[in-house]
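Just below is one structure, and these are the notes that go with it.
Just so it is clear: chains get the letters A, B, ... in the order the sequence lines come, proteins before strands, and each one is counted from 1.
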Amino acid sequence: MGAVATTDAAPVTPRPRSESLPAGRRRPALARATPYLLIAPACLVLAGVLGYPLLNMVAVSLQRYGLGQLIAHRGNFIGLGNYTSLARDPQFWGVVLRSLAFTAVVVSVTVALATLIALLLERMSRPMRMLLTGGLVLVWATPVIVAVDLWQWMFDYEFGVVNWLLTFLRLGNFIHHNWYARPIEGFTVIAIVVIWGALPFAAITLFAGLSQVPSELVESAEVDGASGFQVFRNITVPILRPIFLIVTSLSIIWDFEVFIQPYVLLNARPSGPFMTMAVFMYVESFRVSQYGLGSAIAVVTVALLLAASFYYVRQMVELAEAPA
Amino acid sequence: MRGKHFGIGGLAAALTLALAACGNGGAGTANGNGPATLTVWLMTGSAPQSIVDAVNADFKAKHSNVTVKVELQQWSDVTTKLDTAFAGSNPPDVVELGNTLVAKYAAAGALQDLSSRRSSFENSSTWLKSLTESCTLNGKLYCAPYYAGSRAIIYRKDMFQAAGVKPPTTMDGLLQAGQALMSANKSDANFSALYFPGKYWYAALPFIWDFGGDVAVKQGSSWQGTLNTSRAQQGLSTLVTIVHDLSRADRTGDEAKQDQAFAQGHIAMIIANGWEVGVITDPKSGDPSLKDKLGVFPIPSHQAGQTAPVFLGGSDLGVAAKSKNQALADEWVRLLAGTKYQTQMATVGGVIPNTTSLLSVINDPVAGVFAAAAKNSRFTPNAPNWANVESANVIPDMMVSILTGQSSVSSATSDASAKIAQILNSGS
């Protein structure tokens, strides 16, 4: 989001003063204020819809804010109490580590698969490319809840087509196989659903980036005897670096906060071993009515995300500032 | 950006909405005779529409200028909706609350104290004890009992006959009858003698209680989790054996779809509420031809000649403390909780009415078994934080980890007991 907003705002730089202005006349105050006036509405909207709730969340995270306080509209200030009780809760650390591991796996697989699909798209004949792009866009266009419901049916314990198919293909007896009995299998299913949903954006974005790779460069490298992999490593990847950075950092943000997929796949009653950051936050606040604690989890999530994506955001900013 | 995930944004937005709701007031109406709207939240499946309509008609006859808006809520996300509704300045005037939820909302100050008006409710001296207790916190009455439901075993008479077994009268007998049914239906890979989804903890409680165990007990001023006592573990182990031998239900699933599954004909027994008979034989969701093939018997005890204590589920009717139509809300509750409509709830609705004085109106043999089961009933710990134990899925999680073999009965019950004690004793 942030990256997009910055690029949107970029054209609002003040225009160079026209030479035709009579010398000695002072720049009018209005002209100097123009850029700020132009950017003000966007800033106001951001402050209203993002800043206020964020500040509010930080404030609530410093209070004991249960159901009684919610109804009375008054929390009890307890300083860092919610944070210290989180730090002492082994379940919370389990959730953090689980989310980090899940994010690492899902982001790597997403970016790797998306790169392969993008390279494939580039080498396809036009009709096949249209077909594959159409399929990707369809995935993208499917509402998440609908898609996750479909996946849930496919992996269903009693009526699921996956169990039927695996048994039919004689890959073992999968009749009444429960995909959520063991967390590792359950998370594999969740990861498949998340990656499936994330691929279209990543693949199409990378494919768009591939069109920027000058074909003369590739051709001359090939003439010089570079192998396909060498071309990819030494030409394609460096040119696509900004795109990789954007796709990776957005994927990190999305996958670390993943909510709908685990929540819906597990019938809105996720058990302990399936808690990820966002699910844990939701359960603590809206199920157990500990809004203070839930807000503290949210603040920690933001902090972790900032830390995790700091490297990528810095790289992007450097790339944006570097002369093209 | 893509609506793909909502996390912090969603939480923050919802919090803001919840907090912002405090700002606008003034939409309320006078207590007097002016036109008013009474908002009532009932749960899906609680009262048949015909009864709701009749209550509203009676109410309208006395208050022609009051509009009654009855809104049906889903059980699955009801605590989230109740939290936000009670936090706002215009909550629903009348709310139906599951009996295990009342203590949480009463303790938080969401419900009006009805103690002084208790005698204005019909049959309040003969209200079901367990429901009245669920409405009572620190000696004050926060709601009126609405209706109750108890569980028994619904079975297929034809399958029992084919396997040559009779309704069992002991837990051992239940296991043996089930094993006979399993071997009589060997050829059906989907067959369950007793269909028991892993998260169905309301049906696990009778096994725990029957052996003298309990979920938690209050010692002095603090709660102690007691699922890890040897008696509770004995009950759970008995249940685990039964589930392993007799059930092919999803061990991580819940009971939401058990009636539809039962209607498909691969199941001989389920542990169910009285009203579920109607779902099984419903032409749309079930199979009407099963009507004459269904029988009911109480969950047997491990001691011959007794039945296991069952969980008395049910609902209560509360009035929101912030309601601006207190008197009207009271009156609406008095109608639905009174003799006239409680009789209909029992005869038309198929539930157990809120007063012992009306138990005699149930003369259907099937419904009679459920009403009899209600007499030997128990309740979950009546603590303000109990609803949080339910919301945190502590007991279903414990059951799933035992039934899927992730942990032993002793370690799973120890973990669950510790967690329950921690939730019940935490200040809210």
Side-chain angles (χ1 to χ4, degrees), chain A residues 1 4 49-50 52-54 56-57 60 64 66-73 140 143-144 156-158 175-176 178 180-182 197-198 201 250 253-261 266-273 277-278 281-283 285-291 294-295 298 301-302 305, chain B residues 1-16 18-19 22 76-77 79-80 83-84 86-87 91 104-105 107-110 189-190 198-199 248-254 256-257 261 321-322 385 387-388 391-394 396-397 400-401 403-406 415 423 426-428:
Chain A
M1 280 308 281
V4 177
V49 301
L50 221 61
Y52 172 72
L54 207 66
N56 217 332
M57 183 177 78
V60 169
R64 184 196 299 282
L67 184 62
Q69 288 79 13
L70 183 70
I71 288 169
H73 303 300
W140 205 349
V144 190
D156 187 80
Y157 168 84
E158 242 156 327
I175 297 297
H176 283 168
N178 191 328
Y180 308 104
R182 295 196 304 149
F201 168 76
L250 286 178
I253 293 171
W254 289 332
D255 293 335
F256 195 70
E257 291 183 1
V258 66
F259 178 81
I260 296 178
Q261 286 87 347
L266 295 163
N267 279 323
R269 284 161 82 173
S271 55
M277 284 304 276
M281 178 165 67
Y282 180 84
V283 168
S285 19
F286 292 103
R287 284 298 181 77
V288 187
S289 304
Q290 298 284 356
Y291 294 94
S295 301
T301 310
V302 174
L305 264 181
Chain B
M1 167 171 258
R2 289 187 290 156
K4 179 161 169 282
H5 309 282
F6 82 87
I8 302 165
L11 175 66
L15 266 180
T16 324
L19 297 172
C22 63
S76 58
D77 59 352
T79 53
T80 308
D83 277 19
T84 38
F86 283 131
K104 171 180 175 175
Y105 291 100
N190 287 318
K199 286 183 177 163
R248 288 202 178 99
D250 185 352
R251 294 199 176 144
T252 69
D254 61 31
K257 285 184 262 179
K322 288 181 188 168
N385 287 347
N388 295 347
S391 300
N393 291 324
V394 181
D397 280 3
V400 168
S401 72
L403 290 173
T404 56
Q406 279 175 57
D415 290 352
I423 296 179
S426 75
S428 59

Go through A/Gln290 and B/Ile423 one step at a time and tell me if the side chain to side chain contact (heavy atoms under 4.5 Å, CB included) criterion holds.
CA-CA 11 Å; A/Gln290 298 284 356; B/Ile423 296 179; over 6 Å; no

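For the set B/Leu403, B/Thr404, B/Asn393, the count of heavy-atom pairs under 4.5 angstrom toward chain A peaks at B/Asn393. Ranked by heavy-atom pairs under 4.5 Å with chain A, the list B/Thr252, B/Asn190, B/Asp250 is led by B/Asp250.
For B/Pro396, the part sitting under 4.5 Å from any heavy atom of chain A is the side chain, from C-beta outward, and nothing else. Looking at A/Ala181, the atoms closer than 4.5 Å to chain B (heavy atoms on both sides) sit in the backbone and in the side chain alike. At a 4.5 Å heavy-atom cutoff, the contact between B/Ala189 and chain A is made by backbone atoms alone. Proximity to chain A (any heavy atom under 4.5 Å) is restricted, for B/Lys322, to the side chain, taken from C-beta onward. Interface residue B/Ala249: only backbone heavy atoms are found under 4.5 Å from chain A.
For the pair B/Ser426/B/Asn385, a side-chain contact is recorded, criterion being any heavy-atom separation below 4.5 Å from C-beta on. Contact annotation: the side chain of B/Thr80 approaches that of A/Tyr282 to within less than 4.5 Å [non-hydrogen atoms, C-beta and beyond]. Inter-residue side-chain proximity for A/Val60 and A/Gln69 is flagged as unmet; no heavy-atom pair is nearer than 4.5 Å.
Between A/Tyr291 and A/Phe286, the ring planes are perpendicular. Angles over 60° get that label, and only those under 30° would be called parallel.
No donor-acceptor pair closer than 3.5 Å links the side chain of A/Asn267 to the backbone N or O of A/Arg269.
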